[in-house]
Amino acid sequence: MEKKELIQKALEAQKKAYVPYSNFRVGAALLTEDGEIFTGCNIEIASYSPTICAERTAIFKAVSEGHKKIKAIAIVGDSDFTYPCGVCRQVIREFGKDATIIIANSEEEYKEYKIDDLLPHSFGPEDLK
Ligand code: THU
């Protein structure tokens, strides 16, 4: 997997952000275990609560197309290293327990995490079995 390629795709997706209320643009690109790439941007709605983050857009696109295992996800935003919100961390936990999470400012400047770094002591599917 080429991390820079995934970051590049997240940067491309970020351009598509629909953010008339916050003007804060986020892009995400993920690689599935079976080698497919899905991208997403944040989409804001006038009544605010239906707003969806870039990460969940990308993940729900992948899952709804039958790809449930995330190998890596790159995230870019308008702040210095934009980290996923708590809700998105839980969603990454569901479909990317071992995924590499790439928080990027650019193709050259990025940090890597696992979901256990960002959501320690998490609750997940195994707890319901
Ligand atoms: N946002 C994301 O898309 N991902 C994140 O990780 C943080 C927040 C979006 C939601 C909203 O459209 C805007 O950024 C400001 O919160």
Side-chain angles (χ1 to χ4, degrees):
M1 186 256 311
E2 180 53 79
K3 287 168 198 158
K4 288 186 193 303
E5 187 194 336
L6 215 52
I7 295 168
Q8 181 55 47
K9 290 202 183 297
L11 287 164
E12 281 296 315
Q14 186 187 24
K15 293 181 194 159
K16 300 202 175 75
Y18 174 75
V19 288
Y21 310 108
S22 74
N23 200 35
F24 188 85
R25 294 176 176 274
V26 185
L30 66 83
L31 176 70
T32 64
E33 290 282 359
D34 51 1
E36 298 275 327
I37 289 177
F38 291 86
T39 63
C41 62
N42 53 333
I43 301 167
E44 298 179 346
I45 304 300
S47 57
Y48 295 169
S49 64
T51 293
I52 188 160
C53 293
E55 299 90 322
R56 275 177 291 145
T57 303
I59 293 167
F60 293 160
K61 281 170 68 179
V63 173
S64 65
E65 296 293 329
H67 304 272
K68 290 193 283 285
K69 286 196 172 161
I70 302 169
K71 190 171 179 191
I73 180 167
I75 302 160
V76 300
D78 279 341
S79 56
D80 187 32
F81 295 112
T82 301
Y83 285 80
C85 78
V87 172
C88 288
R89 291 177 197 214
Q90 188 70 44
V91 175
I92 293 169
R93 163 71 178 82
E94 187 84 16
F95 299 107
K97 183 82 177 84
D98 301 312
T100 301
I101 302 165
I102 303 161
I103 310 293
N105 282 342
S106 68
E107 281 180 54
E108 288 72 40
E109 194 182 10
Y110 60 87
K111 301 178 187 183
E112 289 179 50
Y113 299 91
K114 294 285 183 179
I115 197 61
D116 285 346
D117 302 320
L118 302 181
L119 192 68
H121 308 291
S122 65
F123 183 84
E126 300 79 11
D127 293 298
L128 293 174
K129 284 177 183 147

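I103 places a side-chain heavy atom less than 4.5 Å from the side chain of P84. At a threshold of 4.5 Å between non-hydrogen side-chain atoms, the residues K3 and E112 count as touching. Here the side chains of K69 and D34 are not in contact, with every heavy-atom distance at 4.5 Å or above. Taking the side chain as every heavy atom from C-beta outward, I37 and E5 approach each other to under 4.5 Å. Looking only at side-chain heavy atoms (C-beta outward), T100 and K114 come within less than 4.5 Å of each other.
Under the rule for a side chain to side chain contact (heavy atoms under 4.5 Å, CB included), the partners of K4 that lie at least two apart in sequence or sit in another chain are E2, E107, Y110. Annotation: ring-ring contact (aromatic ring centres under 6.0 Å, His included) contacts of Y113 (sequence neighbours excluded): Y83. Residues satisfying the salt bridge (charged side-chain N to carboxylate O under 4.0 Å, His left out) criterion with E126, sequence neighbours excluded, are R93. Every residue meeting the ring-ring contact (aromatic ring centres under 6.0 Å, His included) condition with Y21, not counting sequence neighbours, appears here in chain and number order: Y48. Evaluation of the salt bridge (charged side-chain N to carboxylate O under 4.0 Å, His left out) rule for E109 yields no partner, not counting sequence neighbours. Partners of D116 under the side chain to side chain contact (heavy atoms under 4.5 Å, CB included) rule, at least two apart in sequence or in another chain, are K97. Under the rule for a side chain to side chain contact (heavy atoms under 4.5 Å, CB included), the partners of A74 that lie at least two apart in sequence or sit in another chain are L6, I7, A10, I102. The ring-ring contact (aromatic ring centres under 6.0 Å, His included) search around Y18 returns none, not counting sequence neighbours. Not a single side chain to side chain contact (heavy atoms under 4.5 Å, CB included) links D98 to another residue, sequence neighbours left out.
Linking ILVMFWY side-chain heavy atoms closer than 4.5 Å, directly or via other members, places F60 and I70 in a single hydrophobic cluster. Neither I43 nor V19 shares a network with the other; the hydrophobic side chains, linked directly or stepwise wherever heavy atoms of I, L, V, M, F, W or Y lie under 4.5 Å apart, form separate groups for each. Connection of I45 to V26 is established within a shared hydrophobic cluster, with ILVMFWY side chains joined at heavy-atom distances below 4.5 Å, either directly or through further cluster members. Each of I73 and L11 belongs to its own hydrophobic cluster when Ile, Leu, Val, Met, Phe, Trp and Tyr are linked at side-chain heavy-atom distances under 4.5 angstrom. Follow the hydrophobic side-chain contacts under 4.5 Å out from I75 and you reach F81 in the same cluster.
The two residues C88 and C53 have their closest heavy-atom pair at SG-CB, 3.4 Å. For the pair S79 and T82, the tightest heavy-atom approach, listed with the atom from each and the gap, is OG-OG1, 2.7 Å. The two atoms that bring A28 and A13 nearest to each other are O-CB, 3.9 Å, heavy atoms only. Across all their heavy atoms, A62 and F38 have their closest contact at CB-CD1, 3.5 Å. Considering all non-hydrogen atoms of both residues, F95 and I59 come closest at CD1-CG2, 3.7 Å.
Of the residues L30, D117, L118, the one that meets the side-chain contact (heavy atoms from CB on, under 4.5 Å) test with I101 is L118.
The stretch residues 54-63 participates, sequence neighbours left out, in no salt bridge (charged side-chain N to carboxylate O under 4.0 Å, His left out) pair at all. The salt bridge (charged side-chain N to carboxylate O under 4.0 Å, His left out) contacts involving residues 8-21 comprise E12-K15, where partners must be two or more places apart or lie in separate chains. Among pairs with a residue in residues 39-52, none fulfils salt bridge (charged side-chain N to carboxylate O under 4.0 Å, His left out), at least two apart in sequence or across chains.
Under a 3.5 Å cut-off, the side chain of R25 and the backbone N or O of D78 do not form any donor-acceptor pair. N42 places a side-chain N or O within donor-acceptor distance of the main-chain N or O of F24, the cut-off being under 3.5 Å.
Rounded to the nearest 0.5 angstrom, I52 CD1 and C41 SG are separated by 10.0 Å.
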